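As the structure is a prediction and not an experimental result, all values here were calculated from the model. So that the names make sense, note that chain A is the first sequence line, chain B the second, and so on, each numbered from 1.
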Amino acid sequence: MYGSDATADEPAAGPADDDPSFLALIDDDGRVEPRDAMPLAYRQSLVRQIAQHAHSEIIGMQPEGSWIARAPSLRRKAILMAKVQDEAGHGLYLYAAAETLGVDRADLLDRLHTGRQKYSSIFNYPTPTWADIGAIGWLVDGAAITNQVPLTRCSFGPYARAMVRVCKEESFHQRQGFEILHTLSHGTRAQHEMAQQAVDRWWWPSLMMFGPSDDESPNSERSLRWGIKRFSNDELRQRFVDMTVPQARALDLELPDPDLAYDEATGHWRFGEIDFSELFEVIAGNGPLNAERMAHRRGAHERGAWVREAADAYAAKQASARRPGTAA
Amino acid sequence: MSSRGWPLWEVFVRARRGLSHTHVGSLHAPDAAMAVRNARDVFTRRGEGVSLWVVPAAAITASSPDEKDAFFDPAADKVYRHPTFYEVPEGVEHL
């Protein structure tokens, strides 16, 4: 949740950032609803975060969508289609949640298409093998779930409610990925190797999904104060690592980090230093597939124009058919 | 015309017979019939409902959050509307 430019949409002037009654509501674990008074920066922060989250769901269909036609069995194909369809649905829930803050979905899409709003950098990496679909489900969706579960208690009601539905649907996503990797890992030597290489590719980018470390995440503190975030980037990253290491053992796959070690004193898994310079390169637009993802998204939107026009024409025809005395 | 001009619809789902329709979210669609079809695909992919309502968001009139204190205040001082307001003598049951 970073790297996006601010979005000001003629928002209503709200109370001050440190308005006592607003902070009292937050401290009371209350929920802010769309028509409540809220600080301008709170509104803008949410629009930016929810929009970026929605864009990520929509762009996130691409790396997996490219494997639907190549899935190794009908069962895997049906599962993958259901998953990609869910991602589209999650994008729609989130655009609707953003719209309750007074922005328009078409404007948000414009901002995505013109590069003024970002999506999660994780989707700029390629999926060269079927095992990458497994690694995305297990690691990328696993990291996303770790991020999203606390968002079900986000202080902004519509975002929190959308997250409840998303998390419920998301749990099968991670399991199907784990199942793909488990099958490959316990298959032939070549299949095991394919699974291992996919995990090698996705492990570090998945850790980066939690964002920069806390001392380099300028907006984190305010988001925590306002109940938009419930845990810091580093706390969530640690939680993900602690959950994932034992799962890797069950998969009989190695996580590509020589520094990974259990710390008896804290009960946490220590991990190596993350090379954030790579992440910042990807955010800056220099990832492996940034240009391709955006071109595909814009193309899909343009190629879908006839569907939207047809829907309009159909609605107009139905409306005139219902009016007495007019030719249908 | 793009989806920019499509009205917003609020979606309500009845989870099963005997329950009321509950608000689940909103979506854009050019007309009511397509709103119902889209709502099915967006909100009931896992059999979450047996009935759907779509209502034009513009048709909803809401109470004002700014006036909520004054608006709902008349209920605050009528504690006698709650059964716990009344004293029941000891030993009296089924009351």
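- For the pair A:Arg165 and B:Val24, the minimum side-chain heavy-atom distance is below 4.5 Å.
- Heavy-atom contacts from other residues, nucleotides or ligands closer than 6.0 Å to CZ of A:Arg35 number more than 12.
- Taking the side chain as every heavy atom from C-beta outward, A:Tyr95 and B:His28 never approach each other to under 4.5 Å.
- With A:Tyr93 contributing its side chain and B:Ser26 its backbone, the two residues share no donor-acceptor pair below 3.5 Å.
- Of the listed residues (A:Ala311, A:Ala96, A:Ala162, A:Gly89), the greatest number of heavy-atom pairs within a distance under 4.5 Å of chain B belongs to A:Ala311.
- Neither the backbone nor the side chain of B:Ala33 comes within less than 4.5 Å of any heavy atom of chain A.
- Here A:Glu99 is the residue among A:Gln318, A:Glu99, A:Lys168 with the most heavy-atom pairs under 4.5 Å with chain B.
- Counting heavy-atom pairs closer than 4.5 Å to chain B, the top residue among A:Pro158, A:Ala316, A:Ala315 is A:Ala315.
- One finds no salt bridge joining A:Lys317 and B:Asp31 here, because no Lys/Arg side-chain nitrogen approaches an Asp/Glu carboxylate oxygen to under 4.0 Å.
- For the atom pair CZ (B:Arg45) and CD (A:Gln85), the distance works out to 5.5 Å, reported to the nearest 0.5 Å.
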- Starting from the C-alpha separation in whole Å, work towards a yes-or-no answer on side chain to side chain contact (heavy atoms under 4.5 Å, CB included) for B:Met34 and A:Asp312. CA-CA 10 Å; B:Met34 275 185 264; A:Asp312 271 332; over 6 Å; no

